[in-house]
Structure formats: C-alpha cells, structure tokens
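Everything numeric here is computed off the predicted structure, so don't read it as measured data. Here is how names work: the chains are called A, B, and so on, in the same order as the sequence lines, proteins then strands, and each is numbered from 1.
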2 protein chains.
Amino acid sequence: MALEHAILVSLTERAGSGYELAHRFDRSIGFFWPATHQQIYRVLRRMDEAGWVTHTEVAQEGRPDKKVYQVSATGRDELARWLAEPVDPAVLRDGLAVKIRGASLGDTAAVLREVVRHRGEHAALLEVYHGIRRRDFPKPAKLSGRELHQYLVLRGGIRAEESFLAWCDEVIEAMRSEQS
Amino acid sequence: MALEHAILVSLTERAGSGYELAHRFDRSIGFFWPATHQQIYRVLRRMDEAGWVTHTEVAQEGRPDKKVYQVSATGRDELARWLAEPVDPAVLRDGLAVKIRGASLGDTAAVLREVVRHRGEHAALLEVYHGIRRRDFPKPAKLSGRELHQYLVLRGGIRAEESFLAWCDEVIEAMRSEQS
DNA sequence: AGCCCCATGTAAGACGTTACATGATTGT
DNA sequence: ACAATCATGTAACGTCTTACATGGGGCT
C-alpha cells in the first residue's frame, strides 16, 4: 500500500533505475520501509502503467541498458494526496521478543546468547546511522525543508536503535543475574 | 515463519481456542507479533496436521462449540528446537517516517498533524503497557523464570513506545519552529 | 430492530519471498 | 578460475489482508 509512495519520495529526490532504487532502499528509506529488488521492479512497472512515473531507456557500454524512472505530474499529485491521508502506526514484528517470552520452555542460555548477538547487530546499525548523521548533517540546528525532514527520520532510526540496545542490555543483565 | 512459535508459546502458557488466541494476540504477544484471527485459524490447522498441537471439541450451551488446542510433546520439541535457532532482527515498517521524509512534497502542515495524532496513539499504548506493568508486575525486582521473561518483553514494549513518543515530540518541535 | 459477542470458517486477491536466468565487466 | 557488480526480469510459492458467511444469545 505504501511501497509506491516510498518509491515516489525516493524518485522525487533523485531519478533512477530499479536497481539503483533497490540499493537506496538497502541503505536509507528501506530502514523504515524494507523492500527487495523484485518488489521494486514489480511496483515500478505498475506505477509506470498507472502513469505515476515515466521511464527513459538508457543504453550503456559494457553494462546492461537501464530504465531511468522519473516521477510524472500524476505521480506528484498522487504523492501529495497520500501525504494528506492518515497512515497506520508503525508495525513492529520482533521474533526476539517471542523467544524471550518463551525462553523458559527451551534452552534459556541459548536465548540469552541470541539477545547478545542482536545487541551487536543493533550497535552496528546505530554506528551506521551515526556515520550518516556526521557525514550528511554536521550542523543539525541549521537545517530546514527536505534536509530537516531527512534528518528527523534519521533521528527516529537512531532513537529506535538506542532503545533496542538499551533493552538488550536490560534483558542480558536480568537474565544473567537470574541464572547465577 | 514464527507465528507458529508465537502460538506455541501462548498455548503453553494456557490452552485455548483459536478465538481466544486471537484475543490474546490483540492484547499481549501480538504487540510484538501481530496476527489476525484468519491467520491464527489457518496456522492452527496446519499445526494440528503436523502434530504440534491437539484439539478437543468442547460443546457449549448458547454458544457455538469450540476447539480447545493444547501443545503436544512434538510441539514442545519443536518450540525448544526453534528457541535455540537464530532469529532475524526485528522488522519495522513505518509509514509515518516515509511521510515525514516526503513532507515538503505535499502539505507539510497535514503531515505535522499526522505526527501529532501518532504521538497520541503511542501515548495511549504506553499507558496500556504501564497499566499491565502495575497490575501484573508490581515488584519487578523479585521476578524470575517465565514471569521475569514476560516482564522483560513488556519492558521492551514500554521502551519502544517511549522512544516513539520522544521522537514524535522532537519532530513536532522541529517542524513547528521551521514553519514559524 | 439493530448491533455486538461468541466461534469458526471460505474465498479471492494482494503482497512478499526465494530461486533461477541472462550476460558482459571488473577485481582477486 | 572464481566471484562480485551492474541491470532486469520470470516463475513458483507462501503469507497476509479483506470481505463475506453462519447462527444463536444478549443488550439497548
């Protein structure tokens, strides 16, 4: 329902091919709206048929040709329409929480090791976010418009990862002192 | 992939019908692993065929008969096996973040109103979590085993909502001072 | 009279995942 | 020689969502 709109936002920032979009999704907008390249190709074609985007075939040397997509006037209208509409609150699907809840029905120590592993992954992602922040937004107080909005979304990612990390620490501590 | 295991955890805590499970998902485990009643009925049947659960038909007066499901020995083994296996990190799908990122391509004020609305929803859910905490875990320091694990998962929910709320506040403040 | 609750289910369609296919180019 | 990158796509399958169906009981 909203992958279309995530693509419209990304394509408005910069035109690009499905392949490029898939990579942007892997390292920015996809942190909040994950999508694989197959989804993106399929949705792009649908959007093209609906007239929300247009494409230009670009021949390349030594590389396969590509289709560079651009948002059309209809697409901009559709995006504006969607932006004014309510969205469902964020959905979280967390297998680790299910495991922690069921920990005593299996190997509690293994679940604890899994929490430690997740802690590492969240710490790594937090570092990625901090890196983007330093590189792209060195002076946050001066931002406005699109840059401010991109920064605010990044702040959401940073907050979410910090909160995950702190939760993992709380779980690790509580489960460790329980076992000893 | 893990709805089965979330159901196994919930059914181990207490046997119940598909209908009852659907309600439990609406107010506890479903905060971390959402599922509708149709999904639950379908998966329960599959689990029954696989021998992970067994069911007993219970005739009722003035109400439709129900099938009360129980976890079998095979189901307990499967749960233990799954608990020792790695899980993917939590997936977040947040339409609000997409909207904030694209805010300047439409009615920025409408997006801001939407952030305010989400702030309210997160505050309400946080209150629900706090209520559960007070009712079910009045003395967290003394918990161990299954109760401790349930409490820790609830703490994750509280932390996630607190972090969302703080993010909404940050976004609201930044977007308001930008507009004026 | 109309609606909600209990309880289970069918059916259709949208959406997402995984594997595979192509084929030149660049790097190890 | 092998793998990765660029670039797009097909095919099969699995999951999820949405709407609808049934039918008694209780509430307003």
Side-chain angles (χ1 to χ4, degrees), chain A residues 1-7 10-11 14-27 29-30 32-50 53 55-69 87-95 98, chain B residues 1-7 10-11 14-27 29-30 32-50 53 55-69 87-95 98:
Chain A
M1 281 266 141
L3 178 55
E4 282 87 337
H5 302 100
I7 289 176
S10 192
L11 274 186
R14 201 158 1 103
S17 68
Y19 188 85
E20 284 173 290
L21 270 171
H23 281 266
R24 283 189 225 169
F25 268 73
D26 280 349
R27 59 191 63 237
I29 212 165
F32 308 96
W33 204 274
T36 61
H37 73 107
Q38 291 86 346
Q39 280 182 74
I40 289 169
Y41 282 125
R42 200 140 28 89
V43 169
L44 271 177
R45 182 182 300 187
R46 205 157 59 204
M47 291 167 76
D48 202 348
E49 282 162 14
V53 295
H55 72 267
T56 321
E57 299 248 2
V58 175
Q60 298 188 116
E61 277 170 41
R63 289 178 183 189
D65 299 353
K66 63 179 177 181
K67 294 180 194 164
V68 174
Y69 288 90
V87 233
D88 288 338
V91 174
L92 183 73
R93 206 169 278 267
D94 188 357
V98 178
Chain B
M1 281 268 142
L3 178 54
E4 283 88 336
H5 302 99
I7 289 177
S10 192
L11 275 185
R14 201 158 1 103
S17 68
Y19 188 84
E20 283 173 291
L21 270 172
H23 281 267
R24 281 188 226 169
F25 267 73
D26 279 349
R27 60 191 63 237
I29 211 164
F32 308 96
W33 203 273
T36 62
H37 72 107
Q38 292 86 347
Q39 281 181 72
I40 289 167
Y41 283 125
R42 201 143 22 90
V43 170
L44 271 175
R45 181 183 300 189
R46 206 157 58 203
M47 291 167 76
D48 203 347
E49 282 162 13
V53 295
H55 73 268
T56 322
E57 300 248 3
V58 176
Q60 298 188 116
E61 277 169 41
R63 287 178 184 190
D65 299 353
K66 63 179 177 182
K67 293 179 194 164
V68 174
Y69 288 90
V87 232
D88 288 337
V91 173
L92 183 74
R93 205 171 279 265
D94 188 357
V98 178

Chemist: Assign each of A:Lys67 and A:Arg42 to its nearest nucleotide of DNA chain D by heavy atoms, then name whichever residue's nucleotide is nearer the 5' end.
Modeler: A:Lys67
Chemist: Taking only Lys NZ, Arg NE, NH1 and NH2, and the carboxylate oxygens of Asp or Glu, determine whether A:Glu4 and A:Arg46 approach each other closer than 4.0 Å.
Modeler: yes
Chemist: Taking only side-chain nitrogens and oxygens of B:Tyr19, does any of them come within less than 4.0 Å of OP1 or OP2 of C:dT8?
Modeler: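 Negative; the distance criterion is not met.
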Chemist: Looking at side-chain heavy atoms only, is the closest gap between A:Val58 and A:Lys67 below 4.5 Å?
Modeler: no
Chemist: Measure across A:Leu21 and A:Ser10 and return the closest heavy-atom pair with its distance rounded to 0.1 Å.
Modeler: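 Of all heavy-atom pairs spanning A:Leu21 and A:Ser10, the closest is CD2-OG, 3.6 Å.
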Chemist: Measure the spacing between CG of B:Leu44 and CG of B:Leu11 and express it to the nearest 0.5 Å.
Modeler: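 It is 6.5 Å, given to the nearest 0.5 Å.
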Chemist: Using whole Å, report how far CG of B:Leu21 lies from P of C:dG9.
Modeler: 13 Å
Chemist: Rounded to the Å, how far apart are B:Phe25 CZ and C:dA7 C1'?
Modeler: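 Rounding to the nearest Å, CZ of B:Phe25 and C1' of C:dA7 are 17 Å apart.
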Chemist: Judged by each residue's nearest nucleotide on DNA chain D, which is more toward the 5′ side, B:Ala35 or B:Pro64?
Modeler: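 Result of the comparison: B:Ala35.
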Chemist: Whole angstrom is fine here: how far is it from OH in A:Tyr69 over to C1' in D:dA7?
Modeler: 11 Å
Chemist: Return no unless some side-chain N or O of B:Gln39 is found under 4.0 Å from OP1 or OP2 of D:dT17.
Modeler: yes
Chemist: Can you check whether B:Phe25 reaches B:Ile40 side chain to side chain, under 4.5 Å on heavy atoms?
Modeler: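 Yes, close enough: below the 4.5 Å cut-off.
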Chemist: Take atom CZ of B:Arg63 and atom C1' of D:dT22, then tell me their distance rounded to the nearest Å.
Modeler: 17 Å
Chemist: Would you please confirm or rule out a distance under 4.0 Å between OP1 or OP2 of C:dG16 and any side-chain N or O of A:Thr36?
Modeler: no
Chemist: Starting from P on C:dC5, measure out to NZ on B:Lys66 and report it in whole angstrom.
Modeler: 17 Å
Chemist: Is any side-chain N or O of B:Arg93 closer than 4.0 Å to OP1 or OP2 of D:dC16?
Modeler: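 No, because none of the side-chain N or O atoms of B:Arg93 sits under 4.0 Å from OP1 or OP2 of D:dC16.
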Chemist: On the nucleotide D:dT8, are OP1 or OP2 found under 4.0 Å from the side-chain N or O atoms that A:Tyr41 carries?
Modeler: yes
Chemist: A:Glu20 CD to D:dT8 C1': how many Å, rounded?
Modeler: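 A:Glu20 atom CD is separated from D:dT8 atom C1' by 13 Å.
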Chemist: May I ask you to evaluate whether B:Arg45 reaches the phosphate of C:dT10, defined as a side-chain N or O under 4.0 Å from OP1 or OP2?
Modeler: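 B:Arg45 to C:dT10 OP1/OP2: side-chain N or O found under 4.0 Å.
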Chemist: Any side-chain N or O of A:Arg46 less than 4.0 Å from the OP1 or OP2 oxygen of C:dA14?
Modeler: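 Answer is no, no contact under 4.0 Å.
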Chemist: Give one of base, sugar-phosphate or nothing for A:Gln60, where a contact means two heavy atoms less than 4.0 Å apart.
Modeler: sugar-phosphate
Chemist: I need the CD-P distance between B:Glu61 and C:dA7, as an integer number of Å.
Modeler: 14 Å
Chemist: Could you check how far NE2 of A:His23 sits from C1' of D:dA7, rounded to whole Å?
Modeler: 9 Å
